[in-house]
Amino acid sequence: MSMTEQRPHAGYTIGSYLAARLEQIGLKHHFAVAGDYNLVLLDQLLLNKNIQQVYCCNELNCSFAAEGYARANGAAACVVTYSVGALTAFDGLAGAYSEDLPVILISGSYNTNDVAANHLLHHTLATRDLHYQLDFARRITCEAVSIAHPEDAPYLIDKAIRAALREKKPAYIEIPCNLADAPCASPGPASTLFETPTSDPASLAAAVSAAAEFLAGSVRPVLLGGPRLRAFESTASFRVLAEALGCGVAVMPSAKSFFPEEHSQFIGIYLGASSSPGCGEVVDAADVVLAAGPLFSDYTTTGWTAQPAEKRLIQVDPDRVRVGSKTFSGVYLNEFLGALAKVVKAKPNSLIAYNRTTVAASETPVAEPTKPLSRVEMCRQIQKVITADSTLLVETGDSWFNGMKMHLPDGAKFEIEMQWGHIGWSVPATFGYAVRARDRRIVLMVGDGSFQLTAQEVCQMVRLKLPVLIFLVNNHGYTIEVEIHDGPYNNVKNWDYAGLMKAFNAADGCGLGLLATNGEELAEAIEKGLTHSGGPTLIECIIDRDDCTRELLEWGTRVAAANSRPQQRA
Ligand code: DPX
Ligand code: MG
């Protein structure tokens with residue numbers, strides 16, 4: 001159906017209401033894949049000229065593109081078709097759930113008359129149950145709504161969006177194909193969508209006093225910044241607390257860049273045995289660890305070898321605080337950090353110990369220009385590309401560890417999907433991020449195995465002329481898995497990755513694909529990439545299959561050991 005064939009209406013439709021709400025919450029784009037259940041909806045969304053519709057190659061990429069956009073923008077939306085589209089998008093949506101990102105998934109759905117008519121519909125399970133998609137969505141969102149009657153649409157749309165923004169989790173909205181252009185009330189003010197929960201004053205005071213006492217009794221406390229700091233808008237109050245305490249400040253890998261690395265109190269990334277130099281020892285020796293917005297998983301505790309013990313831990317979660325074994329609920333992260341900062345005394349010992357014991361890293365020597373490219377040389381050159389206005393995104397694989405080791409000048413940002421850990425996340429997420437952050441230099445490090453999952457989304461970077469710099473690390477396989485447990489399943493069919501760009505360009509694109517087998521070629525490729533502004537540059541870096549970081553080996557061994565613990569019998 002084209003736009004002119006739609007029924008006339010005086011004011012808003014359900015689709016244009018939704019577009020207005022998305023605009024009001026700060027979206028300048030939404031991502032979409034077309035299908036017959038959502039075409040009228042897409043037309044309605046297109047009527048809003050303040051939001052651009054951006055297309056993806058498939059729904060997995062579409063949900064990851066929205067996930068990446070939410071990292072840059074705070075929230076995002078994607079629109080897919082019923083069942084065949086939505087079920088594929090659920091993977092990225094679940095990722096957004098685990099990473100605390102409010103992504104709103106909108107699915108077109110069946111004609112409302114088909115329910116009562118007991119019709120069998122295409123793209124479904126070939127049963128007459130049409131509710132399964134909503135049921136699935138409930139498990140991976142904080143609010144899932146299905147619009148069955150136009151008069152309910154404003155209430156349901158608002159309910160879903162409000163919950164996503166409050167909880168920092170995805171929401172799901174299902175809109176029938178025969179209601180997308182149905183008349184609808186006009187939207188209220190944007191303020192009705194934003195709710196900031198506030199702490200119960202007595203609980204906040206009790207939590208602050210317990211934490212202050214715990215800290216007062218410590219000799220060398222440290223602060224540990226976690227990934228949830230950003231989602232719950234607490235990076236500024238974390239810094240205020242850090243400066244009040246004057247202690248060493250470490251971050252978890254997913255919180256890299258949430259505390260400035262050039263700050264005099266920054267001591268590095270804490271990841272147990274795979275921590276950055278000097279950091280692990282100081283955190284392990286601390287008598288109190290105040291972890292703000294952490295996620296302690298088998299990954300982030302390096303196979304349960306680096307989980308701070310309860311007796312020395314203050315854990316501040318988005319909506320509760322735990323001091324030792326005592327929990328204070330109804331206390332919110334940002335308010336707690338701000339209030340605690342006002343009452344603590346300086347405790348600089350962990351920082352003094354770090355400064356005393358840690359030797360400044362020496363400069364990596366330049367590799368011989370024609371020697372086969374090594375990981376170290378590749379990283380030495382990529383480091384130089386990272387400027388204060390850069391965002392470095394790193395894919396699951398050794399790119400995680402290579403990325404963690406990069407020094408970030410103040411202002412540079414870092415994105416990693418360590419909780420969901422879906423290989424292939426980074427290509428569409430980088431695309432989505434770049435759509436929103438055109439003023440930044442966007443740099444991606446991605447391995448060959450991961451790239452093969454979602455490679456086609458590079459064509460959307462070509463389409464929108466996004467000058468993303470992609471370092472494709474071709475180590476001929478799943479190196480993480482090789483180091484943990486090798487077998488034939490870790491071999492990846494080689495591709496001509498640099499050559500792919502020609503296919504993505506077709507007649508009208510100008511992406512650049514370059515190959516680097518040694519330091520000289522990489523330097524030349526980077527130079528070309530940095531001046532190439534009409535589209536992405538993909539630099540395929542060939543390194544040896546076993547050329548990986550020490551941190552990966554340490555971490556992989558411990559995570560593998562945790563995975564293979566024999567079952568315990570009572
Ligand atoms: C898998 C992983 O080539 O990176 O640096 O060579 O390891 P490295 P690659 O991109 O390979 C990635 C590979 C296969 N993980 O080593 S980390 C298992 C996995 C996952 N997500 C999904 N499927 C499988 N993490 C969707
Ligand atoms: Mg690889």
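Since the model is a prediction, treat every value here as computed from it, not as a measurement. Counting convention: from 1, in listed order, for ligands and their atoms alike. For the single chain, residues carry numbers from 1 onward in sequence order.
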- Hey, does G421 come in under 3.5 Å of ligand 1, counting only N/O atoms on both sides?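 Yes: some nitrogen or oxygen of G421 is under 3.5 Å from one in ligand 1.
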
- Item | Polar proximity ligand 1 side, G477 side, N/O cut 3.5 Å exclusive |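 Min N/O separation from ligand 1 is below 3.5 Å for G477.
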
Under 4.0 Å to a heavy atom of [X] - the qualifying atoms of ligand 1, by number:
X	result
G397	4 (O), 5 (O), 7 (O)
G449	3 (O), 9 (P), 10 (O)
T396	17 (S)
S450	9 (P), 10 (O), 12 (C)
D398	5 (O), 7 (O), 8 (P)
I480	7 (O), 16 (O)

- Message: Heavy atoms only: which of I543, L60, T479, V492 lies closest to atom 8 (P) of ligand 1?
- Response: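 It is T479 whose heavy atom sits nearest to atom 8 (P) of ligand 1.
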
- Query: Of D546, N475, N402, which meets side chain to side chain donor-acceptor pair (under 3.5 Å) against R375?
  - Reply: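 Only one option passes, and that is N402.
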
- Query: Can you tell which part of I423 has a heavy atom less than 4.0 Å from ligand 1: side chain, backbone, both or neither?
  - Reply: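 Contact part for I423 vs ligand 1: both backbone and side chain.
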
- Query: Looking at atom 3 (O) of ligand 1, what's its closest protein heavy atom, distance included?
  - Reply: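 The closest one turns out to be D448 OD1, 2.6 Å.
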
- Query: What residue and heavy atom of the protein are closest to atom 13 (C) of ligand 1, and at what distance?
  - Reply: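 Protein heavy atom at minimum distance: Y478 CD2, 3.5 Å.
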
- Where P428 and N61 come nearest, the two heavy atoms and their spacing: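 Nearest pair, atom of P428 first, then N61: CB-O, 3.4 Å.
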
- Atoms of protein origin (N, O or S) under 2.8 Å from the Mg ion (ligand 2):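 D448 OD1, N475 OD1, G477 O, with waters left out.
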
- Have Y37 and H122 got a donor and an acceptor in their side chains that come within less than 3.5 Å?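 Result is yes, a qualifying pair exists.
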
- Check the side chains of T124 and Y132 for a donor-acceptor pair under 3.5 angstrom, ignoring hydrogens and angles.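 Checked: Y132/T124 side chains show no N/O donor-acceptor pair below 3.5 Å.
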
Would you call [X] and [Y] a salt bridge, using N to O less than 4.0 angstrom?
X	Y	answer
D486	R545	yes
K256	E261	yes
D100	R228	yes
K528	E524	no
E99	K169	no

- Message: One pair to check against side-chain hydrogen bond (donor to acceptor under 3.5 Å, both in side chains): N474 and N494. What are the steps and the verdict?
- Response: CA-CA 9 Å; N474 186 355; N494 197 33; 3.0 Å; yes

- Query: Do side-chain atoms of Q452 reach the backbone of K493 as a donor and acceptor pair under 3.5 angstrom?
  - Reply: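 The answer is yes, because a donor-acceptor pair under 3.5 Å joins these two groups.
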
- Look at ligand 1 and say whether E481 reaches it with a heavy atom at a distance under 4.0 Å.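 Yes.
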
- Message: Using a 6.0 Å cut-off, check whether atom NE2 of H407 has over 12 heavy atoms from anything other than its own residue.
- Response: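 Check passes, neighbour count above 12.
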
